[in-house]
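Along the sequence shown, the residues carry numbers beginning at 1. As the structure is a prediction and not an experimental result, all values here were calculated from the model.
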Amino acid sequence: MQRNIRLRSEIVMKMREFLIRSHGFVDIETPTLFRRTPGGAQEFVVPTRMPGKFYSLVQSPQQFKQLLMVGGFDRYFQIARCYRDEGTKSDRQPEFTQVDIEMSFTTKENIQRLIEGLLNHVWPEDMGNLPIPFPEMSYKDAMENYGVDKPDTRFGNLLQDITDLAKANEISRIFHSSQIADFAAIAIVFKNSAALISKTAEDSLLASAKMTTNKTQLAFVLIRMEDGGKWKSSLAKKLTQETMNSVGDRLGVSAGDAILLGLGPRESLVPSMGKIRLEVANHLETRGVKLRSNSNNFLWVVDFPLFLPSEELDGGPLQSAHHPFTAPHPDDEHLLRSSPLDVRGLHYDLVLNGSEIGGGSIRIHQSELQEYVLKEILQEDPTNLHHLLKALRCGAPPHGGIALGLDRLMSILCDANSIRDVIAFPKSLDGKDLMSGAPSSISQKEKEMYHIGTVNNNRS
Ligand code: ASP
């Protein structure tokens with residue numbers, strides 16, 4: 001921890017040096033007690049002494065940094081504390097730190113080059129040179145080949161779409177493909193790995209694939225290739241040798257290889273295959289196979305859709321893929337009213353070794369467009385953002401920015417398994433401060449002062 005926390009201090013000092021001294025940025029602190037931002041993460045609420053009034057803790061300084069652009073601070077940054085009530089994971093905490101940046105009169109490319117320069121400046125010498133500029137991959141290619149929008153490109157084993165083959169042979173009959181909307185068959189090949197995945201490992205990998213998706217319509221099968229194009233698999237007895245040969249030929253497999261085959265509706269199958277790809281790779285690495293290269297694979301993922309379909313089953317309004325302030329791609333703007341799901345956003349994510357370490361966008365700087373997106377597409381009440389809409393009406397400069405997740409970046413630099421190893425006084429996986437026991441109960445008197453009652457007072 002000593003080493004990690006000291007390295008963190010060093011890196012932050014160098015970031016300030018780069019941004020302020022070499023690039024004219026102004027370090028500006030913004031409030032953390034604020035009001036709800038529509039269309040984003042679940043926020044923590046803070047009771048006040050005013051009856052029925054609550055602050056929200058900021059999920060990021062997004063609105064403030066845009067307001068600062070309108071106010072004429074054309075290069076802003078902040079090492080900003082952010083809060084999101086979204087459940088914790090090994091790479092997430094309810095409070096975390098972003099290196100938050102915004103610029104006026106900028107472009108996506110300007111921001112990308114600035115971040116590459118910044119990382120290059122802080123990168124520890126003993127970790128080798130950074131391969132800048134970082135490569136770019138479209139969201140579409142990332143999803144098609146890796147099944148995820150933050151691909152780990154340190155190894156291959158890409159997703160291979162064999163839907164056409166499956167539809168043309170008895171696989172489609174076995175899996176009732178005609179009854180599945182947008183049926184897809186996707187395979188991943190792991191060379192010379194059949195013997196490294198035991199039956200027990202196979203069962204647990206397939207079970208976890210099922211569990212993470214919770215979609216009963218998905219089917220996963222592991223196929224071990226044997227001599228003469230034969231399959232060792234639960235599917236083998238249901239297929240003709242000809243079908244097995246055509247699948248094997250398409251995938252270019254030979255004896256000893258393992259194939260992971262997934263079948264089901266494309267929308268849920270693709271991300272599941274993305275997860276399995278990582279899980280099988282992790283498993284093979286525990287068995288001594290070296291799949292991932294030692295390099296640091298930075299990658300810009302670009303051309304995200306601006307909106308995603310609602311996650312609600314009854315089909316609620318669309319959601320922003322990044323956040324509601326992201327500008328549409330100029331080539332697609334004309335589709336905003338007719339087919340919003342086909343519009344790409346000017347949004348870019350920075351990925352390192354399969355972790356998203358940053359994300360940002362060029363912003364909407366016209367108040368009418370911002371209001372249209374909020375009200376008509378996201379179906380949010382624009383009065384929550386009346387201050388921002390008003391500022392945009394005052395002649396806002398075109399602007400854009402990005403935020404880097406400092407904790408994740410540090411955990412990669414320190415080769416730590418969890419962001420908790422690079423944070424002083426981290427919270428546990430369930431969001432508790434184990435040292436002090438926070439969050440804790442408050443007295444009845446305090447509850448009265450803040451005009452709050454708990455639903456079940458016994459559990460306070
Ligand atoms: N505020 C955004 C976030 O926290 C980053 C950005 O768009 O600059 O994800």
Exercise for the section: Measure the spacing between CD1 of Ile364 and CG of Leu374 and express it to the nearest 0.5 Å. Expected result: 7.5 Å

Handout entry: Exceeds 12 heavy-atom contacts within 6.0 angstrom, atom CD of Glu333
Key = yes

Problem - Minimum heavy-atom distance Asn297-Ser295, with the two atoms named - result: OD1-OG, 2.8 Å

Handout entry: Which atom of Leu284 lies closest to which atom of Ser193, heavy atoms considered
Key = CD1-OG, 3.6 Å

Problem - Residue Tyr55 excluded, over 12 heavy atoms near OH under 6.0 Å - result: no

Practice task
Could you tell me whether Glu43 and Arg36 have a side-chain N and a carboxylate O separated by less than 4.0 Å?
Solution key: no

Practice task
Please examine the side chains of Gln62 and Arg363, heavy atoms only from C-beta on, and report whether any two atoms are closer than 4.5 Å.
Solution key: yes

Exercise for the section: Verify, without hydrogens or angle tests, whether Thr48 (side chain) and Phe54 (backbone) share a donor-acceptor contact under 3.5 angstrom. Expected result: no

Problem - Donor + acceptor pair across side chains of Glu116, Gln112 (<3.5 Å) - result: no

Problem - Minimum-distance pair of heavy atoms, taken over all atoms of Leu299 and Thr153 - result: CD2-CG2, 4.0 Å

Problem - Polar side-chain atom of Arg277 near backbone of Asn157 as donor-acceptor pair, under 3.5 Å - result: yes

Exercise for the section: Could you check Asp152 against Tyr146 for side chain to side chain contact (heavy atoms under 4.5 Å, CB included), going step by step and ending with a plain yes or no? Expected result: CA-CA 8 Å; Asp152 188 343; Tyr146 296 90; over 6 Å; no

Practice task
Answer whether the closest heavy-atom distance between the side chains of Leu341 and Pro309 falls below 4.5 Å.
Solution key: yes

Practice task
Count the heavy atoms of every other residue, nucleotide or ligand shown that sit under 6.0 Å from CZ of Phe73, and state whether that count exceeds 12.
Solution key: no

Handout entry: Exceeds 12 heavy-atom contacts within 6.0 angstrom, atom CD of Gln366
Key = yes

Practice task
Fit a plane to each ring of Tyr348 and Trp300, take the angle between them on a 0 to 90° scale, and name the class: parallel (under 30°), tilted (30 to 60°) or perpendicular (over 60°).
Solution key: perpendicular

Practice task
Take the angle between the ring planes of Phe77 and Phe25 and call it parallel below 30°, perpendicular above 60°, tilted in between.
Solution key: perpendicular

Exercise for the section: Tell me whether the centres of the aromatic rings in Phe325 and His323 are closer together than 6.0 Å. Expected result: yes

Handout entry: Gln78 side chain near Thr30 side chain, heavy-atom distance below 4.5 Å
Key = yes

Practice task
Would you check if the side chain of His399 reaches a backbone N or O of His365 as a donor-acceptor pair within less than 3.5 Å?
Solution key: no

Exercise for the section: Check whether more than 12 heavy atoms from other residues, nucleotides or ligands sit under 6.0 Å from atom CG of Asp227, and answer yes or no. Expected result: no

Exercise for the section: Kindly indicate, with the supporting measurements, whether the criterion side chain to side chain contact (heavy atoms under 4.5 Å, CB included) is fulfilled by Leu222 and Val280. Expected result: CA-CA 11 Å; Leu222 189 83; Val280 176; 6.0 Å; no

Practice task
Mind running side chain to side chain contact (heavy atoms under 4.5 Å, CB included) on Leu350 and Leu119 for me, showing each step along the way?
Solution key: CA-CA 11 Å; Leu350 181 59; Leu119 290 170; 3.7 Å; yes

Exercise for the section: Quick one: pull up CG in Leu158 and CD1 in Ile188 and give me the separation to the nearest 0.5 Å. Expected result: 9.0 Å

Problem - Side chain Asp303, main chain Ser138, donor-acceptor under 3.5 Å - result: no

Exercise for the section: Taking Gln370 for its side chain and Pro324 for its backbone only, find out whether a donor-acceptor pair lies under 3.5 Å. Expected result: yes

Exercise for the section: Would you check if the side chain of Ser310 reaches a backbone N or O of Gly316 as a donor-acceptor pair within less than 3.5 Å? Expected result: yes

Practice task
Say whether, by atom type as modelled, one donor and one acceptor occur between the side chain of Gln93 and the main chain of Lys427 under 3.5 angstrom.
Solution key: yes

Problem - Test item: Asp257 side-chain N/O and Ser254 main-chain N/O as donor-acceptor pair under 3.5 Å - result: yes

Practice task
Taking all non-hydrogen atoms of both residues into account, name the closest pair between Lys199 and Arg224 and its distance.
Solution key: N-NH2, 4.2 Å

Problem - Over 12 non-hydrogen atoms of neighbours within 6.0 angstrom of NZ in Lys191 - result: yes

Exercise for the section: Please assess Val99 against Leu409 for the test side chain to side chain contact (heavy atoms under 4.5 Å, CB included), listing each intermediate value before the final yes or no. Expected result: CA-CA 10 Å; Val99 183; Leu409 177 65; over 6 Å; no

Practice task
Answer yes or no for Arg408 and Phe96: cation-pi contact, defined as NZ/CZ to six-membered ring centre under 6.0 Å and angle to ring axis within 45°.
Solution key: no

Problem - Polar contact flag, side-chain donor to acceptor under 3.5 angstrom, Gln98-Ser60 - result: no

Handout entry: Within-4.5 Å side-chain heavy-atom neighbours: Phe190 and Ile197
Key = no

Problem - Flag side-chain contact, heavy atom, 4.5 Å: Arg8 against Thr97 - result: yes

Exercise for the section: Please examine the side chains of Asp161 and Glu144, heavy atoms only from C-beta on, and report whether any two atoms are closer than 4.5 Å. Expected result: no

Practice task
Might you point out which heavy atoms bring Asn353 and Asn296 nearest each other, and give the distance in Å?
Solution key: ND2-OD1, 3.2 Å

Practice task
Name the orientation class of the two ring planes belonging to Phe298 and Trp123 (parallel below 30°, tilted from 30 to 60°, perpendicular beyond 60°).
Solution key: perpendicular

Problem - salt_bridge(Glu279, Lys275) N-O dist < 4.0 Å - result: no

Exercise for the section: Could you tell me the separation between the CZ atom of Phe220 and the OG atom of Ser272, rounded to the nearest 0.5 Å? Expected result: 4.5 Å

Handout entry: Contact check, side chains of Ile171 and Ile162, non-hydrogen atoms, under 4.5 Å
Key = no

Practice task
Measure the NZ-CD distance between Lys290 and Glu285 for me, rounded to the nearest 0.5 Å.
Solution key: 6.0 Å

Problem - Distance-minimising heavy-atom pair for Phe307 and Pro340 - result: CD1-O, 3.6 Å

Practice task
Determine whether Leu218 and Pro265 make a side-chain contact, defined as any pair of heavy atoms from C-beta on separated by less than 4.5 Å.
Solution key: yes

Practice task
Please check if atom CG in Asp331 has more than 12 non-hydrogen atoms from other residues, nucleotides or ligands closer than 6.0 Å.
Solution key: yes

Problem - Point-to-point distance, once rounded to the nearest 0.5 Å, from CZ of Arg344 to CG of Asp332 - result: 4.0 Å

Fill in the blank from the handout: Rounded to the nearest 0.5 Å, the CG atom of Leu19 sits from the CG atom of Leu118 at a distance of 5.0 Å

Practice task
Could you tell me whether a side-chain N or O of Arg287 sits under 3.5 Å from a main-chain N or O of Leu196, the two making a donor and an acceptor?
Solution key: yes

Problem - Sidechain-backbone polar pair: Arg75 side chain, Ser104 backbone, donor-acceptor under 3.5 Å - result: no

